[in-house]
Amino acid sequence: MSAKEQISELFFDGTLGNKTIDEILKILKIPYREKRRMIDLLENLEKDGVIFKNDGGRYGTSEQLGLIQGVLSGNERGFAFLRPSGESFETDFFIAHKNLHGAIHGDEVLAERVYGRSDDEASVVKILKRGYTQIVGTFRKDKRAGYLYPDDQRYFSEIYIPLSNCFEIPNGVKAVAKITDYPKGKAPGGEIIEILGDEEDFFAEELSIIRSFNLREEFPERVEKEAENQERKGISPAELENRRDFRDKLIVTIDGADTRDIDDAISLEKIDGEYLLGVHIADVSHYVGYRSILDKEAFERGTSVYFPDCVLPMLPRALSNGICSLNEGEDRLTLSCLMRIDKKGNVKDSEIVEGIIRSAHKMTYDEITAILDGEKSVSEKYANVKDTVFLFAELTRILQANRQKKGSITLDVKEAKILLTDDEIIIPDYERAFSHQIIEAFMVLANETVAEFMQSIEAPFVYRIHEKPNEEKATTFRAFAQSLGLNARFVPDDVKPYDYQNLLKSAEELPVYSVLNRVMLRSMQKARYSPENVGHFGLASSCYCHFTSPIRRYPDLCIHRIIKDVINGKYAQAQETYGGFVAEAAKQSSEKERNAAEAEREVDALYMTMYMSERIGEEYQAVVSGVTNNGLFAELPNTIEGFIPVETLEGSFEHIPEKFLLKGSKISFSIGEEIRVKVVGVDFARRRTEFLFLEKTKND
């Protein structure tokens, strides 16, 4: 055994753990003259990641030194916060600039606690992994060098570009830089790898956001070719031998007017007082084999990403808009969940089968709404399906009532609908049509039914879980609800879904309803994917998954393969193949989902800012949606939120967070109040609209 291996063992058994170099020499009875050789050996173990050295000069494993692993979130002023991985710590740790030791926003690090003025400070001990290999920003140069100034101000260091590598690049362009080195005590070095456009170009700004989240429009050429090969195969007669043929059933799809990637179709009959609901989902796994080149690309992307002017699909369009999409009048392979539902909305029996369908109609949400509203022209256009549409609505109301009894929380969190024409951006006032609720109710039921079946046979699986709110957030939310005059008496350490549901019901007709929805959402945990089922708090469901969108979500595609193995008698094979993979798929899918959601929010905010830049001087009714030390946020009926700086308000103010109140010497503001505002400016860098407060209105 080498000296290095012997020293490693002495750290692992605790003999040398948390000791200084002098203490290690003493324990090992090594002469002081050999100190340099021992330091070299310890430094080699550090490089290998076996041990670490803290600021106090002590060596040990991460556990022995009490190190915290996490990811840094930077601040433009040069400090950062460490967000610990796992659940060992509930709080973030502040890291001063001097204690970053070269670490930057996004880096994964090990840090030790620093005890001084507070208990939540830390110092970086080791950088485990750099968070960014590429940075998006604005390029500028002088006579000596070029610099890329990151758009994300949390990444508080510019990127140095040698003049020889950027001589022909013009000043002021939006660009992407690849980071090539991290010299100690200096700005990271890099090279420009892509020019996105002029910094004043709106679409260059949008592309900058997309690149900053490491998203790409194009697929590698070989991935595109494989998708085209799969599409050309079509559907052979041999592939239909073991499939259920639903082509004689009245099956339709319901989506937005511009949807091209259609995952789901529905059929519904009522026989002897019971409903026979079919939820037919595109059989993407038939074309995207496990560990194939298409699968690896889909795994890497994790999800499709939707922007106002484009979609970045998870799969190439030959699949997502072609052979996998359940297009009207075309034969398509499906994985179908068939459910027999009683008049109370309970699933009495269910079956999952491989099928083939031919959608009769590509219907839109607006057309469904028109039929339900009795519009003659649309009803005549869909004469063969009109009665079924009313049956859809009938079953939806039954399912909604059943979920209400279980305590399901129907959050009505407003999301902007951004529409583009040839020459303008349109953001109408928020409206959530009942037609959307039909598809939502049917998909939720199918997701739940599939998850319950797979759990019952203990197959490897990817569940969609939503843990209950933690006590601290539930306590804060209860205080907020009570500050609005609502009857919130739930127990924070054991909050139930129906506690939240009852609160929403009590506020349905109040101006604060929208804000209550938003604050309630913030009090909850984030839903995520997991190989272990712990239930879904928001849906008041004991077992749930995502089964219905395999074209645009990787977890759905993953579980389709497992389901197909199970229903085809290959349970043991599914266990062996996917037993370990489901944890990997759940983690990757959760991370990619969060990344996509943040990118979508940032791009939406850019469009909203552009929209409001053309409305400076206009006045609107708004609702106070947030209060801070620096001012208050107000939300318009179309969901756009603007900021009112405290210095533009009359008097002096005190922020009382526990009461969600900005208390002033002359006037006070609390969340939910209705006010009138005027648009006075926009900040494209922050993607924020600035309002001027005019007056309080209804609930002064």
Self-check item: Whether Ser304 side chain and Met314 backbone form a donor-acceptor pair below 3.5 Å
Solution: yes
Exercise. Might you work through the side-chain contact (heavy atoms from CB on, under 4.5 Å) test for Phe442 and Leu399, ending with a clear yes or no?
Key: CA-CA 8 Å; Phe442 293 174; Leu399 294 175; 3.9 Å; yes
Quiz item: Could you state the interatomic distance from CD1 (Ile465) to SG (Cys543), rounded to the nearest 0.5 Å?
Solution: 11.5 Å
Exercise. Please state whether the rings of Tyr365 and His436 are parallel, tilted or perpendicular, taking 30° and 60° as the class boundaries.
Key: parallel
Quiz item: Is it the case that more than 12 heavy atoms not belonging to Glu508 sit under 6.0 Å from its CD atom?
Solution: yes
Quiz item: Is there a donor in the side chain of Asn533 and an acceptor in the side chain of Tyr544, or the other way round, less than 3.5 Å apart?
Solution: no
Self-check item: Atom pair CD1 (Ile398) and CG (Asp342), whose distance is rounded to the nearest 0.5 Å
Solution: 8.5 Å
Quiz item: So how far is it from Asn384 CG to Leu250 CG, rounded to the nearest 0.5 Å?
Solution: 6.0 Å
Quiz item: Roughly how far, to the nearest 0.5 Å, is OG1 of Thr388 from CD1 of Ile266?
Solution: 9.5 Å
Quiz item: Does one side chain, of Thr449 or Asn447, offer a donor that lies under 3.5 Å from an acceptor on the other?
Solution: no
Quiz prompt | Taking every non-hydrogen atom, the tightest pair across Ser408 and Ala540 | solution = N-CB, 3.6 Å
Quiz item: Do Tyr382 and Glu367 meet the criterion of a side-chain donor-acceptor pair at a distance under 3.5 Å?
Solution: yes
Exercise. Determine, stepwise, if the pair Lys570 / Thr577 fulfils side-chain contact (heavy atoms from CB on, under 4.5 Å).
Key: CA-CA 11 Å; Lys570 300 176 182 176; Thr577 305; over 6 Å; no
Quiz item: Do Arg332 side-chain atoms and Ser325 backbone N/O form a donor-acceptor pair below 3.5 Å?
Solution: yes
Exercise. Please confirm whether the backbone N or O of Arg340 pairs with a side-chain atom of Glu274, one donor and one acceptor, at under 3.5 Å?
Key: no
Exercise. Report yes or no: does Gln525 contribute a side-chain atom to a donor-acceptor pair with the main-chain N or O of His466 at less than 3.5 Å?
Key: no
Quiz prompt | CD/Glu576: more than 12 non-hydrogen atoms of other groups inside 6.0 Å | solution = no
Quiz item: Checking Asp264 side chain against Ile281 main chain: does a donor-acceptor pair fall under 3.5 Å?
Solution: no
Quiz item: Any sub-3.5 Å donor-acceptor pair from Asp373's side-chain atoms to Glu375's backbone N or O?
Solution: no
Quiz item: Atom CD in Glu593, atom CZ in Arg528: separation rounded to 0.5 Å?
Solution: 11.5 Å
Quiz prompt | Under 3.5 Å donor-acceptor, Asp556 side chain and Ser549 backbone | solution = yes
Quiz item: Passes side-chain contact (heavy atoms from CB on, under 4.5 Å), Leu395 versus Lys270? Steps please.
Solution: CA-CA 10 Å; Leu395 178 57; Lys270 190 175 182 181; over 6 Å; no
Practice problem: For residues Met520 and Leu504, determine if any side-chain heavy atom of one lies less than 4.5 Å from a side-chain heavy atom of the other. | Solution: yes
Exercise. Report yes or no: is the cationic atom of Lys696 (NZ for Lys, CZ for Arg) closer than 6.0 Å to the six-membered ring centre of Phe669, at no more than 45° off its axis?
Key: yes
Practice problem: Find the distance between CD1 (Ile357) and CZ (Phe246) and round it off to the nearest 0.5 Å. | Solution: 9.0 Å
Self-check item: Heavy-atom neighbours of Lys406 NZ exceed 12 at 6.0 Å
Solution: yes
Exercise. Apply the test side-chain contact (heavy atoms from CB on, under 4.5 Å) to residues Phe547 and Leu335: give CA-CA distance (whole Å), side-chain angles for both, the deciding distance (0.1 Å), then the verdict.
Key: CA-CA 10 Å; Phe547 162 78; Leu335 193 56; 3.8 Å; yes
Quiz item: Counting distance only, does the side-chain N/O of Asn595 pair as donor-acceptor with the main-chain N or O of Phe213 below 3.5 Å?
Solution: yes
Quiz item: So with a 6.0 Å cut-off around NZ of Lys564, is the heavy-atom count from everything else above 12?
Solution: yes
Quiz item: For the residue pair Phe477 and Phe480, does the interplanar ring angle fall in the parallel (under 30°), tilted (30 to 60°) or perpendicular (over 60°) class?
Solution: tilted
Quiz item: Are the charged groups of Glu591 and Lys587 less than 4.0 angstrom apart, N to O?
Solution: yes
Self-check item: Min side-chain heavy-atom separation Arg561-Tyr578 under 4.5 Å
Solution: yes
Quiz item: Does a sphere of radius 6.0 Å around NZ in Lys468 hold more than 12 heavy atoms from other residues, nucleotides or ligands, not counting ones at 6.0 Å or beyond?
Solution: yes
Self-check item: Salt bridge flag under 4.0 Å for residues Arg247 and Asp245
Solution: yes
Quiz item: Does any donor atom in the side chain of Gln575 or Tyr571 lie under 3.5 Å from an acceptor atom in the other side chain?
Solution: yes
Quiz item: So, Phe490 versus Tyr500, ring centres under 6.0 angstrom or not?
Solution: yes
Self-check item: Short side-chain to backbone donor-acceptor contact, Arg243 and Thr334, under 3.5 Å
Solution: yes
Quiz item: If you look at every heavy atom in Ser625 and Arg522, which pair is closest and at what distance?
Solution: O-NH1, 4.5 Å
Self-check item: Residue among Asn327, Thr259, Leu326 satisfying side-chain contact (heavy atoms from CB on, under 4.5 Å) with Thr253
Solution: Leu326
Quiz item: Is the backbone of Val627 close enough, under 3.5 Å, to the side chain of His655 for a donor and an acceptor to pair up by distance?
Solution: yes
Quiz prompt | Pair Lys496 + Asp494, salt bridge at N-O below 4.0 Å | solution = yes
Quiz item: For atom CD of Glu330, is the number of surrounding heavy atoms from other residues, nucleotides or ligands below 6.0 Å larger than 12?
Solution: yes
